[in-house]
Number of protein chains: 2
Amino acid sequence: MGITIEDQRLDAMFTALSDPTRRDIVVRLSAGEATVKELAEPYAMSMQAVSQHIRVLERSGLISRGRHRQTRPCRLEPAALEAAVSWIEESRRTWSERMDRLETHLACLQKGANQ
Amino acid sequence: MGITIEDQRLDAMFTALSDPTRRDIVVRLSAGEATVKELAEPYAMSMQAVSQHIRVLERSGLISRGRHRQTRPCRLEPAALEAAVSWIEESRRTWSERMDRLETHLACLQKGANQ
DNA sequence: GGGGTACTCAAGCATCTGCTTTATCAAGCG
DNA sequence: CGCTTGATAAAGCAGATGCTTGAGTACCCC
């Protein structure tokens with residue numbers, strides 16, 4: 001079993017979220033759509049740099065873009081965010097359940113020893 | 001408001017999860033503790049390389065390590081995974097709620113127009 | 001058409017990553 | 001004691017990433 005499509009999508013999503021500027025863009029887009037210029041405004045970097053960040057987010061599927069006059073409004077894609085959450089949750093849940101079973105098992109052993 | 005400690009933690013976590021080998025290690029650790037050698041076995045790379053991946057995961061807080069004889073067993077830290085999930089969920093929920101309100105608003109306008 | 005606005009493309013550059021190889025170290029065993 | 005095992009440290013290298021500047025491109029208004 002090699003590298004799957006799903007792997008590549010997760011790569012792209014987590015890579016996109018690993019940069020503080022891009023995470024900030026995601027947070028700001030959760031408050032509503034915005035253009036590249038609007039998104040670039042608060043950062044101490046060129047609009048081209050922000051445009052590149054947006055491209056990373058777009059290619060990861062975390063955001064999508066429309067066309068309106070000469071602007072390219074960006075919007076969040078909650079389904080992609082949900083996919084990332086699902087992946088993490090599965091590992092977390094599996095481990096936690098394992099811990100619960102272990103505790104139960106230890107409790108059983110303890111009970112047996114006391115009787 | 002500059003770069004916070006929380007930002008740095010999220011950086012480390014999402015960076016750690018952006019590599020397929022490291023994600024695979026996380027999945028495998030969700031099934032139980034493992035040593036560096038055990039984790040390295042299935043991959044076509046040196047144990048040193050895997051050791052470096054594990055270090056990235058450890059520094060991100062996603063895993064922790066013990067000492068047992070000459071091994072350094074790795075275990076998942078579900079609390080850190082939960083922190084990553086929480087961050088994503090907040091953005092996703094905010095956007096989704098916004099969409100719901102928008103739909104409600106549009107429905108109200110529609111209703112008003114029909115009457 | 002000219003000029004401004006919003007944005008993308010492309011090249012260049014410093015830094016970071018992922019991996020290698022070699023060397024080192026600590027723990028356990030003959 | 002020497003030898004093996006599990007793991008880390010350090011140095012080096014090809015390729016990726018984040019940013020810059022300069023040059024387009026597409027749209028809109030006068």
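So you know, we letter chains A, B, ... as the sequences are listed, proteins then strands, and number each from 1.
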Produce the list of close N/O pairs, under 3.5 Å, pairing protein atoms with atoms of nucleotides 16-23 of chain C; give distances to one decimal.
from	atom 1	to	atom 2	distance (Å)
dG18(C)	OP1	Arg22(B)	NH2	3.2
dG18(C)	OP2	Arg22(B)	NH1	3.2
dC19(C)	OP2	His53(B)	NE2	2.1
dC19(C)	N4	Gln52(B)	OE1	3.2
dT20(C)	OP2	Ser46(B)	N	2.9
dT20(C)	OP2	Ser46(B)	OG	2.9
dT20(C)	O4	Gln52(B)	NE2	3.0
dT22(C)	O4	Gln48(B)	NE2	2.7

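- Sorted by first then second residue, the side chain to side chain donor-acceptor pair (under 3.5 Å) pairs that include residues 61-85 of chain B, not counting sequence neighbours, are Arg92(A)-Glu82(B), Glu33(B)-Arg75(B), Ser64(B)-Glu77(B).
- Cluster annotation: Val56(B) and Leu81(B) are assigned to distinct hydrophobic clusters (Ile/Leu/Val/Met/Phe/Trp/Tyr, side-chain heavy-atom contacts under 4.5 Å, transitive).
- Between dC7(C) and Ser51(A), no contact under 4.0 Å exists linking OP1 or OP2 to a side-chain N or O.
- Ring pair Phe14(B)/Trp87(B) is perpendicular by interplanar angle, where above 60° counts as perpendicular and below 30° as parallel.
- For Ile25(A) against Tyr43(A), the heavy-atom pair with the smallest separation is CG1-OH, 3.6 Å.
- With a heavy-atom cut-off of 4.0 Å to chain B, the contacted part of DNA chain D has its first and last nucleotide at dG6(D) to dA9(D).
- Under the rule for a side-chain hydrogen bond (donor to acceptor under 3.5 Å, both in side chains), Glu41(A) has no partner lying at least two apart in sequence or in another chain.
- Residues passing the side-chain hydrogen bond (donor to acceptor under 3.5 Å, both in side chains) test with Arg59(B): none are found, sequence neighbours excluded.
- A pairwise comparison of heavy atoms in Arg9(B) and Ala80(B) identifies NH2-CB, 4.3 Å as the closest pair.
- Distance check: Asp19(A) CG to Ser18(B) OG gives 11.5 Å after rounding to the nearest 0.5 Å.
- Heavy-atom minimum distance, Ser91(B) versus Ser30(A): O-CB, 3.4 Å.
- Within 4.0 Å of Arg65(B), counting heavy atoms only, lie sugar-phosphate atoms of the nucleic acid but no base atom.
- Screening Ile63(B), Leu62(B), Val27(B) for a side chain to side chain contact (heavy atoms under 4.5 Å, CB included) involving Leu76(B) leaves a single residue, Ile63(B).
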Just the table, please: protein N/O against nucleotides 26-30 of chain C N/O, every pair under 3.5 Å.
none

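- Atom P of nucleotide dC25(C) and atom CZ of Arg72(B) are separated by 17 Å, given to the nearest angstrom.
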